[in-house]
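Comments concern the structure below.
Start at 1 and go down the list; that is how both ligands and their atoms are numbered. Given the structure is predicted, the values throughout are model-derived calculations rather than measurements.
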Amino acid sequence: MSILVYTESQEGKFKKHALEAVSFAREIANQYGTDVIAVSVNAENLEELGKYGVNQVYSLKAKEINHRAVAQFIAEKADGVVVFSHSAEGTSIAPQVAVKLESAIITNILEKPQGIHPLVVKRTSFSGKALAWVETRDKTPVLTLAVNAFDLKENPIEIEVKTADLPQVENKIKVENIVRNNGQIDLKEAERVVSGGRGLKGPENWGMIEELAQSIEAATACSKPVSDMGWRPHSEHVGQTGKAIAPNLYLAVGISGAIQHLAGVNSSKTIVVINNDPEAPFFKSADYGIVGDAFEVVPKLTEAIKKLKA
Ligand SMILES: Cc1cc2nc3c(=O)[nH]c(=O)nc-3n(C[C@H](O)[C@H](O)[C@H](O)COP(=O)(O)OP(=O)(O)OC[C@H]3O[C@@H](n4cnc5c(N)ncnc54)[C@H](O)[C@@H]3O)c2cc1C
């Protein structure tokens, strides 16, 4: 048996969460005493995977990534645990693989397995409000690893690169157009996020949020009413009905901390809240809190960060 891991890339470069998935797969492989085999489509610099402990990589080339075809390829190669990132692409392909293998699927895993006979993993459930320890005795369980949950671990190893073709499977989805947020940090993958709520009073005040975000190389996000009112694009809306994120740092400015907002952000490793109401519910979930007027605190914070960096 071996541990199979799907490694996502964009414009030829491995995504950070792909390397997290590899580090996680290597950890599991060590527990079983076996190899890690990666599958990647259109990635370059495949040797980078060897740095994180991949023994062998199937390098596939395709004009577009047909998820059905990738799922078929992976299901054909699976001979043990199969690992994906809990990303948009991972959560599209992983269930298809599980169906083909008639296997268990366990999503949103937070850390290395607690045991392998049977396999026991810890996962978040109910939008991060609860934790569950799940076990399976399946031979080819499919796992998705929460983004930013597992640190990169170098484990240099000699890697064998095998080229392969994607199976000819009809693609039932046609991508018409791709619009990229050029230069902006992807919110789902960001390590740091600065988020603004209705306390910021209007879209004209977002300059200070963007400046703070830039100073710490963070993505920007917002609460639901902010995107509903068109102050910010819908793509920045986080929460129960928006994106669920899990950055290392979530800095919330002028956001009350309603349960629906927390549902999308409470898996963040460190939460910092800036709010002028000491009774704001968000403080209960915060690691650090600043009670103060955002219009005074945020510019001072940005200035202090810039000074520190200089
Ligand atoms: C079914 C359903 C789904 C929902 N899904 C989501 C979701 O996905 N995401 C989401 O965000 N919400 C969601 N909501 C809405 C949610 O319930 C809250 O209404 C919303 O999160 C509040 O947004 P807010 O905190 O920006 O605004 P408010 O509740 O108006 O809070 C503004 C905060 O700013 C503070 N403030 C004001 N002035 C300042 C200042 N000068 N300096 C510092 N702080 C200041 C105030 O003290 C207050 O705490 C959902 C609601 C429902 C019913």
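Neither side chain, Thr270 nor Tyr288, offers a donor N or O lying under 3.5 Å from an acceptor on the other.
Protein residues are said to neighbour a ligand when one of their heavy atoms lies under 4.0 Å from it; for ligand 1 these are Gly197, Arg198, Gly199, Lys201, Ser223, Lys224, Pro225, His237, Val238, Gly239, Gln240, Thr241, Gly242, Gly254, Ile255, Ser256, Ala258, Gln260, His261, Asn275, Asn276, Asp277, Gly292, Asp293, Ala294, Phe295.
Of all heavy-atom pairs spanning Ala294 and Pro299, the tightest one is O-CD, 3.6 Å.
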Identify all side-chain donor-acceptor contacts of residues 81-104 below 3.5 Å with residues at least two apart in sequence or on another chain.
| residue | atom | partner | partner atom | Å |
| --- | --- | --- | --- | --- |
| Ser85 | OG | His17 | O | 3.1 |
| Ser85 | OG | His17 | ND1 | 2.8 |
| His86 | ND1 | Thr144 | OG1 | 2.8 |
| Ser87 | OG | Glu8 | OE1 | 3.4 |
| Ser87 | OG | Glu8 | OE2 | 2.5 |
| Ser87 | OG | Gly90 | N | 3.0 |
| Glu89 | OE2 | Tyr6 | OH | 2.6 |
| Thr91 | OG1 | Ser87 | O | 2.6 |
| Thr91 | OG1 | Ala88 | O | 3.3 |
| Ser92 | OG | His67 | ND1 | 2.6 |
| Gln96 | NE2 | Ser92 | O | 3.1 |
| Ser103 | OG | Leu101 | O | 3.4 |
| Ser103 | OG | Thr140 | O | 2.9 |
| Ser103 | OG | Thr140 | OG1 | 2.7 |

When the side chains of residues 238-246 are checked against the rest of the protein, which donor-acceptor pairs come out under 3.5 Å, sequence neighbours left out?
| residue | atom | partner | partner atom | Å |
| --- | --- | --- | --- | --- |
| Thr241 | OG1 | His237 | NE2 | 3.4 |
| Lys243 | NZ | Ser235 | O | 2.9 |

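By the salt bridge (charged side-chain N to carboxylate O under 4.0 Å, His left out) test, Glu64 pairs with no residue at all, sequence neighbours left out.
Exactly one of Thr302, Val194, Leu251 qualifies for a side-chain contact (heavy atoms from CB on, under 4.5 Å) with Ile209. That residue is Val194.
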